[in-house]
Student: 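Here it is: the structure, laid out below.
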Amino acid sequence: MRVGPYERHRELLQQTVRAVTAGECWAPFTRVGPDGTNAGMRSARTAEKVFGSLLGRAFELGQPGELGRVCTESSPYGIAMDIGYPRCDPAVLVAAAGRAMAGWRAAGPYQRAEVAVEMLRRLNTRSHELALAVHHTTGRSLAAAFRAAGPPAQDRALEVVARAFAESERVPADLHWESPRRSKEPLAVAGTCSLAPRGVSLLVGCPEHPTWNGWPGLFASLVTGNPVIVAPHPRSVLPLAITVRIARQVLAEAGHDPDLVTLAVAPPGEPLRQRLATDPAVRIVDFTGPARFADWLEQHARQAAVFAHRTGLNTVVVDSTEDYRALVRGLALSLCLCSGTVRTTPQNILVPSAGIATDEGHKTLRDLGADLGEAVDRLLGHPARVARLLGAIVDDEVRAGLTRAARHGAVVHASGTLHHPGRPGADLRSPLLVRLGARDEQVYTREWPGPVSFLVGTDSTSHSLEIFRRTVGRHGALFAAVHSTDPLVLAATEAAALDAGVHLVENLADDLPADPSSAAPEPPGGGAHFVTGRFRVVRSRGRLAPAERPPVRAPEELVGA
């Protein structure tokens, strides 16, 4: 009989499976009470105290192979973090994960899923603390950080838990069949099917979305029986370190080896993540981020199943619109959110050079650029709105990119420094918008970090779709969008998005997924393969003794069954 310490989560798990199977919206963590928080969630004031208690101290995890301590983070909002994370021998972490796997595999999908739900429940109680961790390591505004590490991200991870559990349960445990034999009675055969996890899983964290992009791979691997080594980006360790601490606590309380989840941290410049990704014992690698590192993983981590989701070239195709003001307002908002540092803002806006048809008459490419610039200035005209929309710039790569990008074309909207009302030391930048021609492909096919976008004039909408299909198909993207009143253009864009393998948003001017919480709900990699690629089905079979054979039923019994 199946027994586990968190069977109280069974109903929540089953509800989520039913919702995922039916394609329904189900967000239990996002549902809030009258005070604006979930039941059991720590208050924002308590979270600030807890967060403050982490600063300037060693972050204890009790992991094997510890060699010392390493501090890698600095807050773009001016507070001193100085958190000392355990620096562990990567070979020891891999070996410990491998030893822990047998017991975790034997626990079965029910217990693994229930333990995963308990981890998410505890993460939910720490939502404000996690938001502060994301805020001070990624530079995102506090509201955006809460969406990326709070209930919306937890609901996204819960959906992955349900998908992984459902796919695991789809494997039949017992098999019976008859094998025909020439001139003899059929041979009765019995067999079993077992789910065999691939092995040690590596989560390579990204600096912009450590929890939003990290949790799906973490929980998909755990529920399918694989231990996970979490290797955050040195610039953004704390959100995933808190996740690892909670996971290890839950595992230990449930009677499992806490080394099923460990943290691997190294100073900037040390190739720890590359070393782990190419370790022969690492059989799964998860990564969401720039195409350059995703390509490296696929080329070098040949021993592993690599789930790499490229941020790439988010693209908007503009053909025509029946609500021009909403289109301009939505594009301006998407350019401003988080100062483009989350790599989900649109980089390339493809528009016919001859202009577009709108409800306000014909608009030229220059008209659209000027109106976008004015809309951005209106959005950022109030200090409180600046703090809510923009994020703080975290490194010199973004600053240098803003300078370089402005040299490549006509600047439609210059990037300027803005003041944060509560954090005078924060470096906030408004978006840079540069007008290019379609021939400038060497410029707009690069991934530009930070608030850099290009208004690209094309020969026609057909030319825009050709560029979209080719560039996104080659470099990847998190999303694409199209604005058109022509059903044929919409159908052609859908076909191009399918060819490029990218999610598409159609005519939703005010809902561009520049913030990840409004982006597509599927886990990176999408679909069943994101889960089933993490395990194999192993069969065993043998001859069924006569006494064990199922009774032969008469035809009338079969009819009445």
Side-chain angles (χ1 to χ4, degrees), residues 90 94 148 153 156-157 160 163-164 197-222 224 226-236 240 264 271-315 342-344 347 445-449 470-480 497-503 513 516 519-535:
V94 172
R156 186 175 190 245
V160 173
R163 289 182 185 275
R198 272 189 176 271
V200 178
S201 176
L202 173 66
L203 169 60
V204 180
C206 67
E208 297 89 4
H209 283 327
T211 49
W212 182 268
N213 286 336
W215 286 347
L218 169 68
F219 285 102
S221 282
L222 281 177
T224 52
N226 305 280
V228 184
I229 298 173
V230 179
H233 191 281
R235 205 173 67 213
S236 187
L240 289 178
L272 172 65
R273 300 188 296 173
Q274 291 89 333
R275 177 178 172 182
L276 284 168
T278 53
D279 189 299
V282 170
R283 308 313 299 271
I284 300 169
V285 179
D286 283 287
F287 174 70
T288 298
R292 182 184 305 174
F293 191 63
D295 292 341
W296 186 93
L297 287 171
E298 290 179 343
Q299 292 166 10
H300 293 87
R302 297 293 183 91
Q303 84 291 347
V306 177
F307 297 91
H309 199 55
R310 294 160 174 79
T311 47
L313 311 175
N314 299 323
T315 301
V342 295
R343 298 183 187 271
T344 47
Q347 176 174 300
T445 54
R446 288 177 51 189
E447 267 188 81
W448 291 82
R470 183 178 67 254
T471 58
V472 172
R474 183 183 307 155
H475 301 282
L478 288 179
F479 84 98
L498 284 172
D499 290 341
V502 64
H503 298 295
E522 293 83 5
H529 178 66
F530 181 72
V531 171
T532 57
R534 297 172 193 270
F535 65 84

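Scope of the values below: all heavy atoms of this structure, side chains included, with no hydrogens, waters or symmetry mates. Numbers here are sequence positions counted from 1. Since we're looking at a predicted model, the values are computed, not measured.
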Student: Given side chains that start at C-beta, do those of Gln274 and Phe293 come closer than 4.5 Å, heavy atoms only?
Tutor: yes
Student: So, do Glu447 and Thr311 sit near enough that their side-chain heavy atoms are less than 4.5 Å apart?
Tutor: yes
Student: In Å and rounded to the nearest 0.5 Å, what is the CG to CG distance from Leu218 to Asn213?
Tutor: 13.0 Å
Student: Could you walk me through whether Arg235 and Glu208 pass the side chain to side chain contact (heavy atoms under 4.5 Å, CB included) check?
Tutor: CA-CA 9 Å; Arg235 205 173 67 213; Glu208 297 89 4; 4.0 Å; yes
Student: Contact between Pro197 and Thr224 at the side-chain level, heavy atoms closer than 4.5 Å - yes or no?
Tutor: no
Student: Measure up the Trp296 and His300 rings against each other and bin them: parallel (under 30°), tilted (30 to 60°), perpendicular (over 60°).
Tutor: parallel
Student: Sequence neighbours excluded, which residues qualify as side-chain hydrogen bond (donor to acceptor under 3.5 Å, both in side chains) partners of Arg283?
Tutor: none
Student: To the closest 0.5 Å, what do you measure between CZ (Phe219) and CG (Leu203)?
Tutor: 10.5 Å
Student: Minimum heavy-atom separation for Val94 to Ala281, with atom names?
Tutor: CG1-CB, 3.5 Å
Student: Check the pair Asp286, Phe530 against side chain to side chain contact (heavy atoms under 4.5 Å, CB included), reporting the backbone distance first and the verdict last.
Tutor: CA-CA 10 Å; Asp286 283 287; Phe530 181 72; 3.9 Å; yes
Student: Is Asn226 reaching over with its side chain to a backbone N or O of Gly199, donor-acceptor style, under 3.5 angstrom?
Tutor: yes
Student: Could you walk me through whether Leu202 and Arg273 pass side chain to side chain contact (heavy atoms under 4.5 Å, CB included), step by step?
Tutor: CA-CA 9 Å; Leu202 173 66; Arg273 300 188 296 173; 5.5 Å; no
Student: Identify the heavy atoms of Ala304 and Val285 that sit nearest to each other, and give their distance.
Tutor: CB-CG2, 4.0 Å
Student: If you take all heavy atoms of Arg534 and Ser221, which pair is closest and at what distance?
Tutor: NH1-OG, 2.7 Å
Student: Which pair of non-hydrogen atoms, one from Gly533 and one from Ala305, has the smallest distance, and what is that distance?
Tutor: O-CB, 4.1 Å
Student: Within the 4.5 Å heavy-atom criterion, are Phe287 and Val306 side-chain neighbours or not?
Tutor: no
Student: Within the distance-only criterion (no hydrogens, no angle test), does the side chain of Arg156 pair as donor or acceptor with the backbone N or O of Trp212 below 3.5 angstrom?
Tutor: yes
Student: Report yes or no: does Gln347 contribute a side-chain atom to a donor-acceptor pair with the main-chain N or O of Gly312 at less than 3.5 Å?
Tutor: no
Student: So, using side-chain hydrogen bond (donor to acceptor under 3.5 Å, both in side chains) as the criterion, who are the partners of Arg310 when residues are at least two apart?
Tutor: Asp295, Glu298
Student: For Gln303, give me all partners under side-chain hydrogen bond (donor to acceptor under 3.5 Å, both in side chains), at least two apart in sequence or on another chain.
Tutor: none
Student: Could you tell me which non-hydrogen atom of Pro210 sits nearest to which non-hydrogen atom of Ser236, and how far apart they are?
Tutor: CG-OG, 3.3 Å
Student: Going by heavy atoms in the side chains, are His233 and Leu240 under 4.5 Å from each other?
Tutor: no
Student: For residues Val472 and Leu313, report the shortest heavy-atom separation together with the two atoms involved.
Tutor: CG2-O, 3.6 Å
